[in-house]
**Student:** 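Quick one: this structure, given as structure tokens, is what I'll be asking you about.
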Amino acid sequence: MTPMDMLATTALSLFLLCFVFFFFTARKFCSGDGAVKIPPGPPRLPLLGNIFQIGEKPHRSFFDLSRIYGSVMSLKLGCLTTVVISSPEAAKQVLKTHDLALCYRISTDPVRAAGHHERSFVWLPPFARWRFLRKITTNQLSSTRRLEATKDLRSSKVQELMSFVNKCCERSEAVNIARASFITSLNIISNALFSTNLADFDDSETTREFHNVDLFLAGTDTSSSAVEWAMAELLRNPKMIVKAQEEIGQVIGENDTVHESDIIKLPYLNAVVKETLRLHPPAPFLIPRKSESEDVRIFEFLIPKSTQACPRYMLSFRCITTKPNISVLVNIWAIGRDPSVWENPTAFEPERFLGTEIDVKGNDFELIPFGAGRRICPGLPLGFMIVHLVLASLLYGFDWKYQNGVVPENVDMSEAFGVTLHKAEPICALPIKKRVKECAPALLLILSFLLTYLLFAAVKSRRRSSSPLTPEPPGPPRPLGWPIIGLLHIIEKAPHRSLANLSRLYGPVMSLRLGSLTTVIISSPEAAREVLKTLDHVFSAQTFSETVRAINHQDHFGSRDSVSLDSVSQSQIHPDPLSVDKRFRPIYNPLMLWRKILETQLFSRKCLKATKTVRSKKVKELITYMVESSERGESVEIARACFVTSLNVISNVVFSTDLGSYDPRASVELRDSLFCIMEIMAKPNLANYFPSLGFLDLQGIRKDMKVCSERLFRVFQGLIDARMTERRSQTGPRDEYNSDLLDSLIDLIQEDGSEVDMNDIKHFLYDLFISGTETNSTTVEWAMVELLRNPEAMANAKVEINFIVGPNRYVRDSDLLDFPYLQAVVTETIRLHPPSPFLIPRKAASDTEVLGFLVPENSQILVNAWAIGRDPSVWENAERFEPERFLGRDIGSIGKDLEMIPFGAGRRMCPGISLALRIVPHMLASLIYSFEWTLENEKNYVVPADLDMNETFGLTLHKTNPLYSDFVKKSPRHGADIRNLSDIRDPLCSSLTGLLWRKISASRMFSPQRLEATKSVRMKKVNELLTFMSDRCERGEPVDIARASFVTSINLISNAMFSTDLSSYDPRASLELQDSVVRIMKTVGKPNLANYFPFIGFLDLQGIRKEMKVFQGFIDGRNSEKSSRPENDLLDLLMDLVKQNGSELNVNDIKHFLLDLFIGGVDTNSSTVEWAMAELLRNPKTMAKAQAEMDDVVGPNGVVQESDTSHLPYLQALVKETLRLHPPGPFLAPHQAESNAEVLGFLVPKNAQVLVNVWAIGRDSRAWENAERFEPDRFLFGREIDLKGRDFELIPFGAGRRICPGMSLAMRTVPFILASLLHSFQWKLQNGVVPEDVDMEETFGSTLHKKNPLHAVPVKKRASG
């Protein structure tokens, strides 16, 4: 053997030895723990495993294997064990049940090579950095606010696409659908990020350049792929493309553009997109997952957690692990074609999604093209919107056909597997311009009618010109009105807003011509009073819409020979809301009969009391349904659920049975008929503006209305027939106690000489169910949305409800009277969102004068209740949701005070208001009490201000995008609230931590009623202050501003609690309470060792506890004189609470409560007055400006009243500026974290003390211009900022549920004292100190007061009289 042969033999032996060593080592590490039971799978080869079985289309290969080995199947791909999920049930386990454990990603080698897995939120583990990046992506690209802000951008890019397609159409060139859609999507995202286009339709290199850019790939290739597959499927199914185009044409109309707001009105197009995503999900496998925190069990199989520790000599083989490195792949392609879930799973049938609630948001696991759980695609809202907008625009703008004569059956549908699942052969189709439909005959007919109308209008106008010269209501200049259509073009899709804006220009009584109708718009309380009350008899007639006339609905209320309304029918603003039609006719006796039936048989106090068990039962069923849906992980549409509840309440009162079902898949004929009718009523109807064209039924609305109404009437007839059969079969006397409204109606028919027949009853029931269901559900939905946008209001309502209801029971009907704040929430909701913004259109029976303007006979009258409810001359902060404005105001006053008329007023006022104001608060209180509502869940977080508030004008004014329960995080209540942050309990704030103390403070001390009742006390005490100042003025002595204000404040509170003064302006007088309060405040202001070492607190080194004895003296004295006192004060109330059986309060609690009130309500007021006076003395021009304002409002020699302060905007700005620079409590009350909490990406550990530095916030140069300067004008000419905890750049009283309850008293007392001092005296500094030298040094203590008290000399301004 030659040396070379020996060398070759040795080398071969070494190679074989290394291969065997590598084989057994790799086998050892790849096999993992043999004891772990992993899912079954096909046999595997050594080293390679099942790689040879993947093929070119893994999604199909895995689908075929899952039919053999089950929906949870394991494969060995090299050294990596992969579990493939192929059923909705298993996907739910991975993406929901074990979402937290399996939310880690397995990154690919190309991703790791670029270090991308350490920077991208797609691959990062779900820790703080991932949450931060996801939040940025969601807020800046996909949030509701951002989507709304970039709406015009998307429209412009789609228009560029349409221009490109139009050029191709003119050149008869085919369009590469995928490429065109890709460029559109790319430019939408690039403009949102960089404000520039990164692609050009004429640049053939675009796609190659950007296909490998990861940031854009997720948002471009997925959208373009979905559009391409949708177009391919539609071109294969010509009938479907025609159906989609017809739907789009009906919604958009001719010669218009597709807008994003139109998408929601295209259910068939939505179904096409869903069906496309089912058959062709952009990514057939979701991104691989793994568990690093715990072992996970899916069904009977265990998926162990993975580690990445490799032996040192095999670090180059990344797949080798000490435990099985198991990835989890969810095959959504297979799930979308699962024959056990979908009928005809491989057929393209969009109709399967019509009438179902299945969405793509990760709630329904049979359709999850974007994933589910916390790792759901954050760009879903944007991507979904782009796909719909592009697809709708392509279908609407052009007809399409394949090039080269390809027939639909031969369309190539082969796919190419990649990052996305796109077509192997791009679809190229020819766009064809749509032909304008032939409409000449109909157009000639319409023109003939319009010419006749114009002639009639001209003759009528000439006649009217000879009438008395009373001016008609002003309106937009006539040139703005178009021939024939009048001013229809300015109404748009939100007529309540359009007309409200016009009324600001042309006044509260405004005339418009809408088509052939003269319409007078009423937009102020004064004008509404004239129409609805003073001249109610003139305007009591109603106009009929074409939907009403379609079923002759107007003929079933009143005698057949009753006076006809007019010869030419009138109409209302589009869409035409229908209300209770007993209000559709002039006032006559038969109509009064129907109203009497409603008021005595349904809405009387006796009936409401008798049916409260029915309402309670139905609301319980609502809560039970929502709890069960929550447990199943199903989302609930709040408005729809409340609609079913309202429907069942009414149906039980009328028929003693449920006629609605919470299951959206259940076919309930009455519910479905109501939805159908309401949908028809919401459509704009040309015949409403040109009644002469009504018989043509150009839009088919009359026909559709007849079909749906007849269906509803059949339901009523069946129920009536069944009841009459039951009554005939009874042998004994009928049980009157168990009779319902239907029995009363049947008795009415059977009376001798009755003019009421069966058709009248069916039409009466028709009104009852249409009017009494959606209005309630819409109001509950708006209330929930407003509370979610205003967390402090939600917290206040929750505290009130929890306090009254207690733990672990349902809200009862009898509880509603004890919910003043909740009633205020409901009232504020219907002020901002009246169910019917225009009420029911009325008609002038004769020429009538309203506020000096002539309203012509037969004019249509619209009362814009929406505009009246937001009138800034009536409501302070009219656009804000502030339930506090209605505290102390009787909810029964709705409709009596014409500044808020959501239910109308006068004799035509909605008779169902009494039921609505019971069922709405009942449902709302139950929802608030039974669940925790927050805008954060495992999917995303929405800032309250970004919550979608878009509205749609229809039968009612409802949310455009319904509020779903999956939008909020829910947990059924058990016991008391759980709060992450609560006040640290120390002797000074412990008494206010209880809900009871807060309720007592809010209702007995600081409620609007109580503040109004004690107004005279405050007036008296301020006059005593001015007397003291006058005495010093006469002697030429300076005044200690802080001490004088302190005495006034302490006497105000002591009179409210003890009915006596406890302080004196005489500095030589020694008063025990005053001295104790002063000592406590000085002591608390000093550094306290016990604050930092709590275990020595029992020593009471500061002596706070011994100061409590002063309150014991008042309590003992009151016990001895209680029987002889004619009136009770707050101390009497507190002592009565202590004496109640089962009371948890004792005398010690009262002493701490009193201490809180004195400390919190005295020094803060006096400190603020002192700082304000100091700043004014430093700024003489500002003081002069404030005094000039008071002279204008109060009069030079007048006396300032508390009510005057609301008319002094500069004074209010002055107080706000003082509180900004000198907040009484610079750190608020310290909070404590009861659990770990994340704040702006940082972890706040449990039990940590949290201090909010409001002093620093008030001087933040990023929030305030010239932050260190005293400039009250900033609050006059800048944006509107209040002190109620809504604007967090100014929170001197705190915010949220722990906001200072005494804020309302302070904001009356401080401006009142300050105004009185400034108006009664001129002020100067003592000892010749100039303004620039005023000492502004501060001392930190219980409040932030001046280190050296302010002494100023009062000078009489002028002689009075």
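These numbers come from a predicted model, not from an experiment. Position 1 is the first residue of the sequence, and the numbers go up from there.
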**Student:** Take the angle between the ring planes of Phe886 and Trp875 and call it parallel below 30°, perpendicular above 60°, tilted in between.
**Tutor:**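 Answer is tilted, since the angle falls between 30° and 60°.
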**Student:** Ring of Trp1264, cation from Arg1220 - is the NZ or CZ under 6.0 Å from the centre and inside 45° of the axis?
**Tutor:**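 The answer is yes; both the distance and angle limits are met.
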**Student:** Determine the sole option in Leu1350, Leu1176, Leu1317 for which the side-chain contact (heavy atoms from CB on, under 4.5 Å) test with Trp1323 is passed.
**Tutor:**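 Answer to the side-chain contact (heavy atoms from CB on, under 4.5 Å) test with Trp1323 among Leu1350, Leu1176, Leu1317: Leu1317.
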**Student:** So which heavy atom on Ala1315 is nearest to which on Met1190, and how close?
**Tutor:**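 The pair with the smallest heavy-atom distance is O-SD, 3.5 Å.
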**Student:** Considering only residues two or more places apart or on different chains, which pairs with a residue in residues 1184-1218 satisfy ring-ring contact (aromatic ring centres under 6.0 Å, His included)?
**Tutor:**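 Of all non-adjacent pairs touching residues 1184-1218, none passes ring-ring contact (aromatic ring centres under 6.0 Å, His included).
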**Student:** Within the side chain of Thr1309, is there an N or O that forms a donor-acceptor pair under 3.5 Å with the backbone of Ala1306?
**Tutor:**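 No; zero donor-acceptor contacts below 3.5 Å.
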**Student:** With distance as the sole test, does Lys1216 use its side chain to make a donor-acceptor pair with the main-chain N or O of Ile1281 at under 3.5 Å?
**Tutor:**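 Looks like yes, one N/O pair under 3.5 Å.
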**Student:** Is it true that the side chains of His1222 and Glu1175 contain a donor and an acceptor less than 3.5 Å apart?
**Tutor:**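 His1222 vs Glu1175: donor-acceptor pair found between side chains.
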**Student:** Starting at CG of Leu1025, measure out to CZ of Phe1028 and round the result to the nearest 0.5 Å.
**Tutor:**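 Output value for this atom pair is 8.0 Å.
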**Student:** Can you find a heavy atom in the side chain of His1319 that is under 4.5 Å from one in the side chain of Gln1187?
**Tutor:**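 When only atoms from C-beta onward are counted, Gln1187 and His1319 do not touch, as no gap falls below 4.5 Å.
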**Student:** Looking at Leu1344 and Pro1226, what are the two nearest heavy atoms and their distance?
**Tutor:**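 Where Leu1344 meets Pro1226 most closely, the heavy atoms are CB-CD, 4.1 Å.
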**Student:** So, do Val1047 and Glu1024 sit near enough that their side-chain heavy atoms are less than 4.5 Å apart?
**Tutor:**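 The answer is no; the side chains never approach within 4.5 Å.
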**Student:** Do Phe1046 and Glu1170 have side chains that approach each other closer than 4.5 Å (heavy atoms only, starting at C-beta)?
**Tutor:**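 Side chain of Phe1046 against side chain of Glu1170, heavy atoms only: no contact under 4.5 Å found.
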**Student:** Taking side chain to side chain contact (heavy atoms under 4.5 Å, CB included) as the test, write out the residues that go with Glu882, two or more places apart.
**Tutor:**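 So Glu882 forms a side chain to side chain contact (heavy atoms under 4.5 Å, CB included) with Glu828, Asn877, Arg880, Glu884, Arg885, Asp1282, Lys1284, Arg1286.
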**Student:** Starting at CD1 of Ile1313, measure out to CD of Glu1202 and round the result to the nearest 0.5 Å.
**Tutor:**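 The CD atom of Glu1202 is 10.5 Å from CD1 of Ile1313, to the nearest 0.5 Å.
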**Student:** Once you round to the nearest 0.5 Å, how far does CG of Leu1283 lie from CD of Gln1212?
**Tutor:**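 So the CG of Leu1283 and the CD of Gln1212 are separated by 9.0 Å.
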**Student:** Hey, does Ile1041 have a side-chain heavy atom less than 4.5 Å from the side chain of Lys1346?
**Tutor:**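 Side-chain contact under 4.5 Å: no.
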**Student:** With rounding to the nearest 0.5 angstrom, report the CE to CG distance, Met1307 to Asn1165.
**Tutor:**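 Result: 10.0 Å between the selected atoms.
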**Student:** To the nearest 0.5 Å, what is the distance between CG (Leu1211) and CG (Leu1208)?
**Tutor:**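 Leu1211 atom CG to Leu1208 atom CG measures 5.5 Å (nearest 0.5 Å).
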**Student:** I'd like to know if the side chain of Asn1179 reaches the main chain of Lys1181, judged simply by a donor and an acceptor atom lying under 3.5 Å from each other, with no hydrogens or angles considered.
**Tutor:**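 No, the answer is negative, given that no donor and acceptor are paired below the 3.5 Å cut-off.
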**Student:** State, with a plain yes or no, whether a side-chain heavy atom of Leu1219 is found less than 4.5 Å away from one of Phe1293.
**Tutor:**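 A side-chain contact under 4.5 Å exists here.
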**Student:** Backbone N or O of Glu792 within a donor-acceptor pair of the Asn796 side chain at under 3.5 Å?
**Tutor:**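 Judged by distance alone, yes, a pair lies under 3.5 Å.
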**Student:** Would Leu1221 and Phe1270 satisfy side-chain contact (heavy atoms from CB on, under 4.5 Å), going step by step from the backbone distance to the final call?
**Tutor:** CA-CA 8 Å; Leu1221 288 171; Phe1270 184 79; 3.8 Å; yes
**Student:** Do the non-hydrogen side-chain atoms of Val1039 and His1351 ever get within less than 4.5 Å of each other?
**Tutor:**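 Result no, sub-4.5 Å side-chain heavy-atom pair not found.
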**Student:** Taking Ala1248's backbone N and O only, do any of them form a donor-acceptor pair with Gln1232's side chain (distance below 3.5 Å, no angle check)?
**Tutor:**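 No.
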**Student:** Whether the side chain of Arg870 engages the backbone of Leu832 through a donor-acceptor N/O pair (distance < 3.5 Å, no angle test) should be reported.
**Tutor:**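 Here the side-chain-to-backbone pair exists.
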**Student:** Going by heavy atoms in the side chains, are Gln1201 and Phe1312 under 4.5 Å from each other?
**Tutor:**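 They are not in contact (no side-chain heavy atoms under 4.5 Å apart), so the answer is no.
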**Student:** Please evaluate residues Val1252 and Ile1257 with respect to the criterion side-chain contact (heavy atoms from CB on, under 4.5 Å), reporting the C-alpha separation (whole Å), side-chain torsions for both, the decisive distance (0.1 Å), and the verdict.
**Tutor:** CA-CA 9 Å; Val1252 180; Ile1257 293 172; 4.1 Å; yes
**Student:** Among pairs that include at least one residue of residues 1250-1259, which meet side chain to side chain donor-acceptor pair (under 3.5 Å), considering only residues two or more places apart or in two chains?
**Tutor:**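 Passing the test, one end in residues 1250-1259: Arg1259-Glu1268.
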**Student:** With rounding to the nearest 0.5 Å, note down the distance linking OG in Ser1166 to CH2 in Trp1171.
**Tutor:**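 Rounded to the nearest 0.5 Å, the OG-CH2 separation comes to 12.5 Å.
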**Student:** Can you check whether Pro1349's main-chain N or O pairs, donor with acceptor, with Arg1043's side chain at less than 3.5 Å?
**Tutor:**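 Checking the backbone N and O of Pro1349 against the side chain of Arg1043, no donor-acceptor pair under 3.5 Å is found.
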**Student:** Starting from the C-alpha separation in whole Å, work towards a yes-or-no answer on side-chain contact (heavy atoms from CB on, under 4.5 Å) for Arg1018 and Arg1308.
**Tutor:** CA-CA 9 Å; Arg1018 291 192 295 279; Arg1308 290 189 182 218; 3.7 Å; yes
**Student:** Restricting to side chain to side chain contact (heavy atoms under 4.5 Å, CB included), what partner residues turn up for Lys1324, sequence neighbours left out?
**Tutor:**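 So Lys1324 forms a side chain to side chain contact (heavy atoms under 4.5 Å, CB included) with Val1353, Val1355.
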**Student:** Could you check if a side-chain atom of Phe1275 sits within less than 4.5 angstrom of a side-chain atom of Leu1214, using non-hydrogen atoms only?
**Tutor:**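 Phe1275 does not reach Leu1214 side chain to side chain.
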**Student:** Check Glu1265 with Arg1274, please: is the shortest side-chain N to carboxylate O separation under 4.0 Å?
**Tutor:**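 No, no charged N to carboxylate O under 4.0 Å.
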**Student:** Please table the atom pairs, donor to acceptor, closer than 3.5 Å between any side-chain atom in residues 1325-1332 and protein atoms at least two apart or in another chain.
**Tutor:**
none

**Student:** For Leu1026 and Ser1316, which heavy atoms make the closest approach, and how far apart are they?
**Tutor:**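 Shortest heavy-atom separation between Leu1026 and Ser1316 comes out as CD2-O, 3.7 Å.
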**Student:** For Arg1035, check side chain to side chain contact (heavy atoms under 4.5 Å, CB included) against everything at least two apart and list the hits.
**Tutor:**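 Residues passing side chain to side chain contact (heavy atoms under 4.5 Å, CB included) with Arg1035: Asp1031, Arg1032, Glu1037.
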**Student:** Please report the closest heavy-atom contact between Val1334 and Ala1174, naming both atoms and the distance.
**Tutor:**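 Heavy-atom minimum between the residues: CG1-O, 4.4 Å.
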**Student:** Taking all non-hydrogen atoms of both residues, which atom of Ser1030 and which atom of Lys1356 are closest, and how far apart?
**Tutor:**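 Smallest heavy-atom distance, with atoms named: OG-NZ, 3.6 Å.
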**Student:** Using every non-hydrogen atom in the two residues, find where Val1169 and Ser1045 come nearest and quote the distance to one decimal.
**Tutor:**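 Residues Val1169 and Ser1045, closest heavy atoms: CG1-OG, 3.3 Å.
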